[in-house]
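What follows is a set of notes on a single structure, which appears directly below.
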2 protein chains.
Amino acid sequence: MTVPPGRRERKKAATRQKIADAALRLFLERGYEAVGIRDVAAEADVAVTTLFSHFASKEALVFEQDQDFEQRLTQAVTGRAPQEPLLPALRREIQALVRHCTADGAAPIWHMIDTSPTLREYEESMRLRHAESLAVAIAADPVLSLTTTACRTIARFVIDAYALAREAADPEAAVDEIFLMIEAAWEVASPSRRT
Amino acid sequence: MTVPPGRRERKKAATRQKIADAALRLFLERGYEAVGIRDVAAEADVAVTTLFSHFASKEALVFEQDQDFEQRLTQAVTGRAPQEPLLPALRREIQALVRHCTADGAAPIWHMIDTSPTLREYEESMRLRHAESLAVAIAADPVLSLTTTACRTIARFVIDAYALAREAADPEAAVDEIFLMIEAAWEVASPSRRT
DNA sequence: ACCGTAACACTAACGGTTAGGGTTTAAAAA
DNA sequence: TTTTTAAACCCTAACCGTTAGTGTTACGGT
C-alpha cells in the first residue's frame, strides 16, 4: 500500500507544504483579508497557478488538513470495535477533535477564523461535506439498518455538536450535553431494540 | 407602526423589485452561471453599484425573500398560542415552508439552486443565520428555561430538518420522521417535565 | 536512451465586488 | 416657502480571487 514515494511526489508534497506554511505565516502576521493570493505565492516562491493547483481556494489554505477531519470521522464509524455502539464511538472522536482545536497552540488560528466571515462560511460548508461523508459511512454499516433520512439526520446532528461545542464556553461539557440529545434522537430512529 | 410609505420608499422598493425580477428572468433563461452581474444590471436598467446597494451579492438575488423565511421561523416561536408547546408549532411551520418550496411553480428555481454549488453553499450559510435567529428566539421564551447550548442545538436541528426534508424523496414524511427525533432530543434537554 | 506526462511558470484575462466622486430629488428644517 | 440634508442613483476605474492558454522542465516507466 505505502510504496516509498519517489522524488517527484516528495517534491510535490514539499511545494504544497511550503505554500501552506507561507500562507499561515502571512495570515497570522498581517491578517487573513490583508494578505492577497499573489502575496502568498510570492512568499512561497511559486506561481499563482501553482498555488491553485495545490489548493482549491484561498480559504482552503487555512483548512489545510480538512481531509484528516473527514477521515477520522468516517474511521470512527467503520473502524470501531465490533459490536460497539455507534454513538459512543462518535462522541469519543468528536470530543478528541474539539479538544484538538481548542488546544492552546491553535488559538491564534481559530481566532483568525472566528473573526473572518469568509472563513467561517467556508468552514461550515466544509462541515456539511463532512456530514455527507459521515452519513454515507453510517448508511454503509450492515449492523445498523436505518433509513437514508435517519442516517443523514444523525450525521448532521453530530456535525452540529462539533460546531456548537467549538463555540461554547465549556466545549467538552457542550459535547456531552448535545450527545445526550443525539442519543435520545437515535433511540427513536434506530429500529434495533435491545431490551 | 405602518405609516404610509413616502414616494421615496416606494421608488426604492420598485427598483429593488425590478432588479430581482430581471435577475430571475435571466437566470432561468440562460442559467445562473451564464449570466453576469453586468447583464442583470443592464436588463434592470440600473448601475452595477445600485444593484449592489440593494443586494449584498449575486447569490442574494436568488434568495430574495430570505428575511421572510427567518421571520416566519421566529414568529412561530414568539407568536404561538400561550401554553402551546414549542416543537409542534415549529414542526407546523417547517412543514408549511417545505410545502411552499416544493410546490410545482417553484420547481425551476429550486432546480437551478440544486445544480449550482455556489447557490447551495450560499443557501446553507443563510440557513445558519436563520438557526442563530431561531436560537435567540427560543432562548428569549420565558416559559422555557434552557441552557444556551440547548437552544442553539434545537435551533440547528430544526434547520437541519428543513434542509434534509427539502432533498428527501418524500419531503413531508421526512419532516415528520426528523421531528420525531428532535422531540426525543428535546425531552432530554427540557427541564420542565409534565409527568 | 526515450517518451509521456506531472509539476510548474508566465501572461492575460474574466467576473464579482468596491472605492471614489458626482447628480438628482424626496423630505426635513428653517 | 425656502433652505438644507441626505438618500438613491449613476459612472469609471480598479481590486482581487480565480482560470484559460501556452510553454518548459525533469521525473519515471519502457
Side-chain angles (χ1 to χ4, degrees), chain A residues 2-24 26-27 30-64 112 116-123 125-126, chain B residues 3-20 22-24 26-27 30-64 112 116-123 125-126:
Chain A
T2 49
V3 283
R7 196 196 325 260
R8 201 172 223 166
E9 304 185 23
R10 264 182 290 115
K11 281 196 177 180
K12 179 173 182 178
T15 301
R16 183 192 160 92
Q17 198 57 44
K18 194 171 54 170
I19 296 171
D21 290 349
L24 202 54
L26 290 184
F27 289 161
R30 308 184 203 162
Y32 178 75
E33 344 257 38
V35 176
I37 283 290
R38 290 159 179 91
D39 298 329
V40 176
E43 177 85 1
D45 196 32
V46 298
V48 171
T49 46
T50 300
L51 187 156
F52 277 109
S53 78
H54 286 274
F55 299 91
S57 66
K58 185 186 181 186
E59 298 94 65
L61 287 166
V62 173
F63 297 95
E64 198 214 336
M112 173 178 87
S116 160
T118 310
L119 286 176
R120 299 204 47 149
E121 185 167 331
Y122 181 85
E123 188 193 357
S125 76
M126 202 178 70
Chain B
V3 284
R7 198 194 326 262
R8 198 170 220 165
E9 304 186 23
R10 264 183 291 117
K11 281 194 177 179
K12 180 172 182 178
T15 301
R16 183 193 159 91
Q17 197 57 45
K18 194 170 55 172
I19 296 170
L24 203 55
L26 290 184
F27 289 161
R30 309 184 203 161
Y32 177 75
E33 342 259 46
V35 176
I37 282 290
R38 292 159 179 92
D39 298 329
V40 176
E43 176 85 1
D45 196 32
V46 297
V48 171
T49 44
T50 300
L51 188 156
F52 277 109
S53 79
H54 286 274
F55 299 91
S57 66
K58 184 185 181 187
E59 299 94 64
L61 288 166
V62 173
F63 298 95
E64 198 215 335
M112 173 178 86
S116 160
T118 310
L119 286 176
R120 299 204 47 147
E121 185 167 331
Y122 181 85
E123 188 191 357
S125 76
M126 202 178 70

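Here is the naming used below: chain letters follow the sequence lines, and residue numbers restart at 1 for every chain.
Taking atom CG on A:L61 and atom C1' on D:dC16, their separation rounds to 14 Å, with Å as the unit. If you measure from atom NZ of B:K12 to atom P of D:dC10, you get 13 Å, rounded to the nearest angstrom. The nearest whole Å value for the distance from the CG atom in B:L51 to the P atom in D:dA8 is 15 Å. Straight-line distance from the CZ atom of B:F27 to the P atom of C:dG16: 8 Å, rounded to whole Å. When the P atom of D:dT19 is taken as reference, atom NZ of A:K58 falls 15 Å away, rounded to whole Å. Atom CZ of A:F52 is separated from atom P of D:dC16 by 13 Å (rounded to the nearest Å). When the P atom of C:dA6 is taken as reference, atom CZ of A:R10 falls 19 Å away, rounded to whole Å. Following rounding to the nearest Å, A:R16 (CZ) and C:dA7 (P) show an atom-to-atom distance of 12 Å.
Among the protein residues, A:V35 comes within range of the sugar-phosphate backbone only, with heavy atoms under 4.0 Å from sugar or phosphate atoms but none that close to a base. Residue contacts shown for B:D39 are absent, as no nucleic acid heavy atom lies under 4.0 Å away. Counting non-hydrogen atoms under 4.0 angstrom, B:V48 reaches a base of the nucleic acid.
Considering only heavy atoms from C-beta on, B:K58 comes within 4.5 Å of B:F27 through its side chain. Annotation: side chain of A:V48 is in contact with side chain of A:F52 (closest heavy-atom distance under 4.5 Å).
In terms of heavy-atom proximity, A:L26 sits nearest to A:D39 at CD1-O, 3.8 Å.
At a cut-off of 3.5 angstrom, the base of C:dG15 holds no donor-acceptor pair with the side chain of B:R38.
Between the side chain of B:K18 and the main chain of B:D45, no donor-acceptor pair closer than 3.5 Å is present. A donor-acceptor distance shorter than 3.5 angstrom exists from the side chain of A:R16 to the backbone of A:H54, with no hydrogens or angles considered.
Of all nucleotides listed (C:dC8, D:dC9, C:dT17), C:dC8 comes nearest to the side chain of A:T50.
Once rounded to the nearest 0.5 Å, the distance linking OH of B:Y32 with CD of B:E59 reads 4.0 Å. Distance check: B:K12 NZ to B:E9 CD gives 8.5 Å after rounding to the nearest 0.5 Å.
Of the two residues contacting DNA chain C, namely A:A47 and B:S57, the nearest-nucleotide position lying further toward the 5' end is that of A:A47.
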B/S/- contact track for nucleotides 20-28 of chain C, protein heavy atom under 4.0 Å
-----BBS-
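Between B:H54 and the phosphate of D:dC9, there is a side-chain N or O to OP1/OP2 separation shorter than 4.0 Å. Side-chain nitrogen and oxygen atoms of A:T15 include none within less than 4.0 Å of the OP1 or OP2 phosphate oxygen of C:dA7.
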